[in-house]
Amino acid sequence: MLASWKVRVIYLSFVILMLICIIGISIISFFSFLVSTDAIRLRLARELSAWTGYNIELHQPLHFSFFPLKASLSDVLLEDDNNSHLMSAERIEVDLSISDALIGRLRFSETRIIHPRLMIDEPIKTVSGFFISLAHSEGRLGIAIRKVQELSNIDKLTELPAQPFGRILVKDATLIYPLSFGKTAKIANINAMIDWPDLKGSAVFKASGNWNREFVSLTIKADKALLLIGGGMSPLGLSLHSNYGDINFNGSAGILQQKNLNGHFTLHLSGWEQSLRWIKMEKILPNQRGTPLVWESSLEVSSEHISLNHIAFTLGKDKARGAIEVLFRKNLPMITGSLAFEKLDCNSIINALDDPIMINFSFLERFALDLRFSTGNTTIDSLNIENVAASIQMHDGLFVFDIGNATIFGGVVQLNVQLQRNKRFLKELEGRFSVENLNLELLQKKIFRKEYLLTSTTSLILTLRSTFSRWEDLLQDMHGHFSCVFNSGFIKNFNIDDFLEKIRTKKEFFLQFAGDQSFSFDQVKSNAVIRNGKIKLDEATLRFGKEIIDLSGSMNYFEDTLELVGFLNHPHTLNGLCIDTPCILQGLLPVYQFFIKGSLMKPKVFF
């Protein structure tokens with residue numbers, strides 16, 4: 001009895017073992033048949049084409065393994081309908097589902113793209129075109145996208161059947177993109193991952209690589225990824241990190257029909273000048289000072305404009321608030337807006353521009369700008385300027401800097417500078433500077449940091465114009481006009497009685513400030529013309545008491561020369577006739593003529 005039971009057990013075990021062997025041999029034979037007939041190779045290419053929306057070209061036979069079930073394609077090429085290359089890959093590996101494969105269906109649980117080389121025209125255009133191709137494909141993702149596009153209610157997205165997308169890994173990729181003037185740039189050593197467990201759920205894209213020899217990492221998360229690539233809006237988070245700074249965005253986005261962003265944006269640069277150098281814009285601002293920059297604002301982006309509102313901006317220790325809008329006209333950005341600073345230290349900006357010969361003004365033709373800013377206190381070197389209202393404008397090669405109002409040394413200052421870059425590579429500079437009631441005593445104490453020589457308030461107007469090809473020629477080619485009025489005051493360390501005595505006795509002497517005496521004057525008025533580095537003094541009149549001194553002549557800054565003609569008590573007539581009592585009284589006094597020549601610092605008076 002026991003022996004019979006043992007025989008049955010051995011017989012049953014033998015039968016089960018034979019069945020397992022038969023099933024295993026059948027499965028292996030089935031897959032071997034598929035491989036030998038290239039069925040999987042063709043179906044795999046068709047599935048990849050359907051998933052990506054691009055044509056797949058295979059140059060090598062399929063490599064297949066069973067445990068785990070995996071297919072590998074070498075020398076793969078993706079092309080669009082115009083035979084333009086999008087990507088070439090050394091190898092694509094896919095992990096397959098055994099259960100799906102047994103019923104004749106392919107599902108990729110994980111796809112690995114090894115050493116791909118991607119070539120794009122324009123990031124937004126390429127990404128949009130990629131998803132549009134996906135939407136028209138016959139793969140499961142294309143069908144799912146079209147179903148989403150047909151939904152009238154976003155909430156119905158949950159009614160779609162669960163469809164796993166799987167995971168895509170990209171290893172050691174190179175991305176090539178175009179620059180201006182036919183040049184290209186690339187991002188190398190890219191490693192990326194797309195993790196999308198369910199088409200109805202969120203998707204995460206992570207990537208890292210080397211851009212301009214610096215490590216960069218990018219993370220994008222879309223809560224409704226299928227809706228996003230189907231043409232709708234989805235909550236979106238984006239984070240870009242590098243050694244030079246970080247960019248973060250949280251809000252909602254659309255990338256197809258709507259093409260917009262709406263959310264909160266932050267930017268942090270450890271050194272803004274270094275960041276410009278990193279993105280190959282160091283020719284605009286050549287010096288790297290390491291000034292940190294922090295930007296926080298709302299962000300609204302569409303195909304035609306960008307709006308930045310509720311801006312909180314920090315440059316070094318300076319903080320500002322404001323709003324900026326960017327419009328795109330004829331493929332050129334037009335930037336308008338305003339920033340209000342609590343205080344502003346201009347020294348870091350001036351230091352970045354301390355070698356204007358190296359500045360490349362070609363950027364004036366790349367965009368238009370109309371930016372207005374204000375600050376309660378501005379520091380330039382050691383000077384404090386208060387209540388500044390200014391603007392910067394750039395368009396069509398023209399740069400305009402305008403200070404509509406500023407207070408310095410008790411006076412009100414206005415400044416307008418225009419720089420035009422024309423097609424002959426010449427630069428045309430125009431400037432106008434005016435000030436009212438400037439306190440010269442405060443000015444001398446701040447600039448010369450010693451006891452002042454002149455006490456007065458002045459109002460002046462200076463206009464300049466120059467056309468030049470090199471910055472070295474700026475002053476030599478400059479011409480303009482200068483006029484000023486000094487109100488009543490006094491001059492220290494100058495003996496006016498001794499000066500008048502030597503003029504009347506025609507005794508030659510060197511004109512210099514010396515001694516401890518001073519004299520009061522009632523008014524000084526002057527007008528001058530500037531041409532090619534020379535100053536022609538048309539008129540300079542000094543009034544003090546009953547005396548009048550008139551000067552005219554020229555000064556040459558480059559040659560350090562001074563040539564003036566002076567008159568003491570010369571009556572001011574109109575068409576040779578006196579028109580007032582002071583002129584008549586002045587005509588009763590003798591007129592003395594003298595000449596002032598020599599160096600600017602130590603001229604000589606002779607007759």
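Shortest non-hydrogen contact noted between Thr375 and Leu344 is OG1-N, 3.7 Å. Of all heavy-atom pairs spanning Asn260 and Ser302, the tightest one is CB-CA, 4.1 Å. In plain terms, the two heavy atoms of Met193 and Leu169 that are nearest each other are CG-CD2, 3.4 Å. Closest heavy-atom contact between Ile311 and Leu308: CD1-O, 3.6 Å. For the residue pair Leu228 and Ala253, the shortest heavy atom distance occurs at CD1-O, 3.1 Å. Looking at every heavy atom in both residues, Leu77 comes nearest to Ser88 through CD1-CB, 3.8 Å.
Between Phe401 and Phe373, the two ring planes are parallel [angle under 30°; tilted spans 30° to 60°].
Taking CG from Leu339 and CZ from Arg321, the interatomic distance works out to 11.5 Å, rounded to the nearest 0.5 Å. To the nearest 0.5 Å, the span separating CD1 on Ile113 from CD1 on Ile168 amounts to 6.0 Å. To the nearest 0.5 Å, atom CD1 of residue Ile176 and atom CG of residue Leu118 are 9.0 Å apart. Rounding to the nearest 0.5 Å gives a distance of 10.5 Å between CZ of Phe249 and OG1 of Thr266. Atom CG in Leu419 sits 8.0 Å away from atom CG in Leu398 (nearest 0.5 Å). For the atom pair Ile247 CD1 and Leu238 CG, the distance stands at 8.0 Å (nearest 0.5 Å).
Using a 4.5 Å heavy-atom threshold, the side chains of His115 and Lys171 count as separate. Counting only heavy atoms from C-beta outward, the side chains of Met394 and Phe399 approach each other to under 4.5 Å. Within the 4.5 Å cutoff, no side-chain heavy atoms of Asn250 are placed close to those of Phe265. Two residues are said to be in side-chain contact when any heavy atoms from C-beta on lie closer than 4.5 Å; Gln393 and Ser391 meet this criterion. Looking at heavy atoms from C-beta onward, Ile220 lies in side-chain contact with Leu236 at the 4.5 angstrom threshold. Counting heavy atoms from C-beta outward, Glu325 and Leu327 have side chains that approach closer than 4.5 Å. Using a 4.5 Å heavy-atom cutoff, the side chains of Val301 and Val326 are not in contact. A 4.5 Å side-chain heavy-atom check between Trp295 and Leu269 finds every atom pair outside the cut-off.
Panel note: side chain Asn262, backbone Ser252; no donor-acceptor pair is recorded below 3.5 Å. The backbone N or O of Asn309 sits less than 3.5 Å from a side-chain atom of Ser298, completing a donor-acceptor pair.
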**Message:** I'd like to know whether Thr219 forms a side chain to side chain contact (heavy atoms under 4.5 Å, CB included) with Phe205, so could you lay out the CA-CA distance, the side-chain angles of the two residues, the decisive distance to 0.1 Å, and finally the verdict.
**Reply:** CA-CA 6 Å; Thr219 300; Phe205 171 76; over 6 Å; no
**Prompt:** Which is it for Ile190 and Leu175 under the side chain to side chain contact (heavy atoms under 4.5 Å, CB included) test, yes or no, and what are the steps along the way?
**Reply:** CA-CA 8 Å; Ile190 299 174; Leu175 175 64; 3.7 Å; yes
**Request:** Would you please test Leu240 and Val216 for side chain to side chain contact (heavy atoms under 4.5 Å, CB included) and show each step?
**Result:** CA-CA 7 Å; Leu240 177 67; Val216 181; 3.3 Å; yes
**Verdict with supporting geometry, Ser202 and Lys221, side chain to side chain contact (heavy atoms under 4.5 Å, CB included)** = CA-CA 7 Å; Ser202 63; Lys221 181 182 179 182; 4.1 Å; yes
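Checking Val294, Asp318, Leu293, Ile324 one by one against Phe313, the side-chain contact (heavy atoms from CB on, under 4.5 Å) holds for a single residue, Leu293.
Evaluation of the side chain to side chain donor-acceptor pair (under 3.5 Å) test over residues 232-241, restricted to residues two or more places apart or in two chains, returns Ser239-Asn248, His241-Asp246.
Heavy atoms from other residues, nucleotides or ligands lying under 6.0 Å from CD of Glu304 number 12 at most. Within a 6.0 Å sphere centred on CZ of Arg112, other residues, nucleotides and ligands contribute more than 12 heavy atoms.
There is a side-chain donor-acceptor pair under 3.5 Å between Glu296 and His264.
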